[in-house]
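A, B, ... follow the sequence lines: proteins, then strands. Residue 1 opens every chain. Worth knowing before you read on, the calculation uses all heavy atoms, side chains too, and leaves out hydrogens, waters and symmetry mates. What you are looking at is a predicted structure, and each value in this text was computed from that prediction instead of being measured.
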Protein chains: 2
Amino acid sequence: MRNQKQNERIREERKEQILAEAVKQFAHKGLFATKIKDIAEAAGIAQGLIYHYFKSKEDIYVEIIKDALDKLNEAVYMLQEIQLRPHEKIKTAIEELLKTIESSDNFIQTCRLIAQATNSTAIPDKTKELITEKQDLPYQEIAKIMAAGQQEGTIIKADPYELAVLFWTSINGLAIYKATRQGAVSIPDARLLTRLFLT
Amino acid sequence: MRNQKQNERIREERKEQILAEAVKQFAHKGLFATKIKDIAEAAGIAQGLIYHYFKSKEDIYVEIIKDALDKLNEAVYMLQEIQLRPHEKIKTAIEELLKTIESSDNFIQTCRLIAQATNSTAIPDKTKELITEKQDLPYQEIAKIMAAGQQEGTIIKADPYELAVLFWTSINGLAIYKATRQGAVSIPDARLLTRLFLT
DNA sequence: TATTATATTGAATGAACGTTCAATCAAAAG
DNA sequence: CTTTTGATTGAACGTTCATTCAATATAATA
């Protein structure tokens with residue numbers, strides 16, 4: 001028989017493979033239009049095998065949404081660490097996020113998944129909990145930076161949280177925009193958006 | 001027996017009633033998580049009766065998406081008519097749109113429906129056609145106004161279409177933001193957003 | 001090679017759902 | 001009151017789908 005280490009590795013690889021295909025399917029079609037058959041076919045395995053690795057379709061979905069929210073929060077957390085003035089943080093964040101939108105399918109999938117989940121009341125309860133738990137952090141974090149910048153006089157005077165809302169709705173909107181027009185779309189220059197927040 | 005006029009009126013009223021409930025359901029849950037049973041129950045009628053008025057669930061959905069896109073285009077079209085300088089048009093549009101986001105559930109439902117439909121590849125082909133046909137007009141229209149304002153030196157210099165993208169992604173993002181936090185959320189002041197476009 | 005444990009398959013199951021349909025109801029017209 | 005026509009109901013039908021399961025394959029170990 002196989003030893004435990006090998007088994008664990010195979011198991012982990014298969015799980016990742018299934019998750020990777022499921023992310024694509026969910027991002028494009030959402031939870032309810034994505035069929036287990038779709039995921040199995042995309043992964044090149046039998047339908048039944050999916051249930052060897054996951055309890056249910058919902059479970060896969062919940063895990064994916066969790067990962068998506070975590071990924072976003074992690075990125076935001078890194079922003080805290082960087083040694084920059086607040087207004088430079090905002091500038092850098094916008095530049096990096098727009099660059100990522102242009103280059104990374106992965107990030108766009110993350111945005112699509114979160115947007116769908118956020119915009120539907122039909123998602124599993126567990127997903128709703130994750131969202132209430134994790135969705136606010138990016139807003140809070142950006143709001144903090146905005147407030148700090150206001151202290152220094154480099155960020156425009158307005159409710160910091162409202163500025164954060166504008167920040168994220170713009171970024172998110174652009175990601176979805178890019179996602180839904182396949183191919184050549186021109187994402188606005190970072191300086192345009194930056195201008196919205198700096199004095 | 002009833003005369004034809006009465007029948008037509010009853011028929012029209014019922015259709016509207018079904019559509020009104022379907023809009024709510026679709027806006028909250030999307031096409032695939034909304035069941036015919038849900039719509040029938042919300043409308044207080046038997047499931048079967050829906051098929052006396054509509055050919056299929058998809059048909060209802062397509063009609064609703066069509067209405068949503070038309071409503072948006074109509075609003076944009078009215079903007080053309082107003083006698084104002086380009087930068088005043090942008091200012092007024094932002095003010096009115098933000099006011100509408102704060103007050104009108106109807107508008108928010110429209111935004112949700114369009115966002116969902118745009119963000120999914122699983123929607124009916126007929127819906128996809130409607131979107132490709134009608135979705136670009138608001139962008140074009142705002143881009144035109146931006147370009148005109150640039151001629152007058154009142155709108156910031158940048159690709160007009162990119163400005164339009166920024167315009168709509170912000171508005172749309174805010175509408176979705178409001179939709180998904182039930183109750184008290186503070187929508188940013190119109191002046192903040194206006195500042196993004198004016199010189 | 002025989003054994004054992006897990007991976008994998010594909011068919012079976014059962015529930016949910018969209019749609020159809022036969023039967024009944026309601027109301028106006030004769 | 002009777003007829004006629006469309007509105008309405010609720011059960012029935014057929015399909016799709018998530019999930020389960022019995023059977024088979026694989027590969028490491030003894």
Side-chain angles (χ1 to χ4, degrees), chain A residues 1-23 25-26 28-65 120-127, chain B residues 1-22 25-26 28-65 120 122-127:
Chain A
M1 54 195 166
R2 296 175 201 82
N3 62 36
Q4 239 172 339
K5 286 231 170 107
Q6 278 173 314
N7 279 330
E8 294 254 324
R9 190 179 46 75
I10 290 179
R11 236 191 125 72
E12 219 35 60
E13 278 176 13
R14 264 278 193 260
K15 274 193 88 164
E16 287 308 319
Q17 179 197 5
I18 293 169
L19 281 174
E21 296 302 334
V23 164
Q25 301 283 328
F26 285 142
H28 283 82
K29 301 187 296 196
L31 169 59
F32 302 100
T34 299
K35 311 301 171 187
I36 285 289
K37 195 177 152 221
D38 300 336
I39 300 173
E41 274 175 12
I45 58 176
Q47 256 188 80
L49 188 54
I50 289 182
Y51 291 88
H52 194 66
Y53 294 96
F54 296 94
K55 204 173 110 269
S56 66
K57 188 174 89 164
E58 278 200 3
D59 257 43
I60 302 176
Y61 184 73
V62 170
E63 185 158 340
I64 283 173
I65 294 296
S120 167
T121 60
I123 53 170
D125 284 342
K126 183 76 195 145
T127 318
Chain B
M1 54 192 165
R2 297 175 200 83
N3 62 37
Q4 238 170 338
K5 285 231 172 108
Q6 279 174 312
N7 280 329
E8 295 254 325
R9 190 178 46 73
I10 291 179
R11 236 191 125 71
E12 219 35 59
E13 279 175 12
R14 264 279 192 260
K15 275 193 86 163
E16 288 308 320
Q17 179 199 4
I18 293 169
L19 281 175
E21 296 302 333
Q25 302 282 329
F26 284 141
H28 283 82
K29 302 188 294 196
L31 170 58
F32 302 100
T34 299
K35 311 302 172 187
I36 284 290
K37 193 176 152 225
D38 300 336
I39 301 173
E41 272 174 15
I45 59 177
Q47 257 188 77
L49 187 54
I50 289 182
Y51 292 88
H52 194 66
Y53 294 96
F54 296 93
K55 202 172 111 270
S56 66
K57 188 173 89 162
E58 279 201 3
D59 258 43
I60 300 176
Y61 184 72
V62 170
E63 185 160 338
I64 283 173
I65 294 296
S120 167
I123 52 170
D125 285 341
K126 183 76 195 145
T127 318

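With hydrogens and angles ignored, the 3.5 Å screen pairs no side-chain donor or acceptor of B:Glu21 with any backbone N or O of B:Ala40.
In this structure, the nucleotide among D:dT19, D:dA7, D:dA18 sitting nearest to the side chain of B:His52 is D:dA7. Distances from the side chain of B:Ser56 to the nucleotides D:dA18, C:dT19, D:dA7 place C:dT19 closest. Here the side chain of B:Ala46 is nearest to one of D:dG10, D:dA7, D:dA18, namely D:dG10.
Summarising the geometry, the separation between CD1 on A:Ile39 and P on D:dC17 is reported as 13 Å, rounded to the nearest angstrom. Summarising the geometry, the separation between NZ on A:Lys37 and P on D:dA18 is reported as 10 Å, rounded to the nearest angstrom. C:dG18 atom P lies 14 Å from atom CG of B:Asp59, rounded to whole Å. Here the C1' atom of nucleotide C:dG18 and the CZ atom of B:Phe26 are 12 Å apart, to the nearest Å. The distance from atom CD of B:Glu12 to atom P of D:dG6 is 16 Å, rounded to the nearest whole Å. The CG-P distance, from B:Leu31 to C:dC17, rounds to 14 Å in whole Å. The CD1 atom of B:Ile45 sits 17 Å away from the P atom of C:dA26 (whole-angstrom rounding). Rounding to whole angstrom units, CD of residue B:Glu41 and P of C:dC17 are separated by 11 Å.
Interatomic distance, A:Tyr61 OH to A:Lys126 NZ, rounded to the nearest 0.5 Å: 14.5 Å. Annotation: the span from B:Leu49 atom CG to B:Ile39 atom CD1 amounts to 12.5 Å, rounded to 0.5 Å. For the atom pair OG1 (B:Thr34) and NE2 (B:His28), the distance works out to 10.0 Å, reported to the nearest 0.5 Å.
Nearest-nucleotide mapping onto DNA chain D: of B:Leu49 and A:Ile36, the residue sitting toward the 5' end is B:Leu49.
Electrostatic pairing of B:Asp38 and B:Lys29 counts as a salt bridge here, judged by a charged N lying under 4.0 Å from a carboxylate O.
Within the 4.0 Å cut-off from OP1 or OP2 of D:dT19, at least one side-chain nitrogen or oxygen of A:Tyr51 is found. Using a 4.0 Å cut-off, some side-chain N or O of B:Arg14 falls inside it from OP1 or OP2 of D:dT8.
B:Tyr53 comes within 4.0 angstrom of sugar-phosphate atoms only, judged by non-hydrogen atoms across all strands, and of no base. Among the protein residues, B:Ile50 comes within range of no part of the nucleic acid, since none of its heavy atoms lies under 4.0 Å from any strand.
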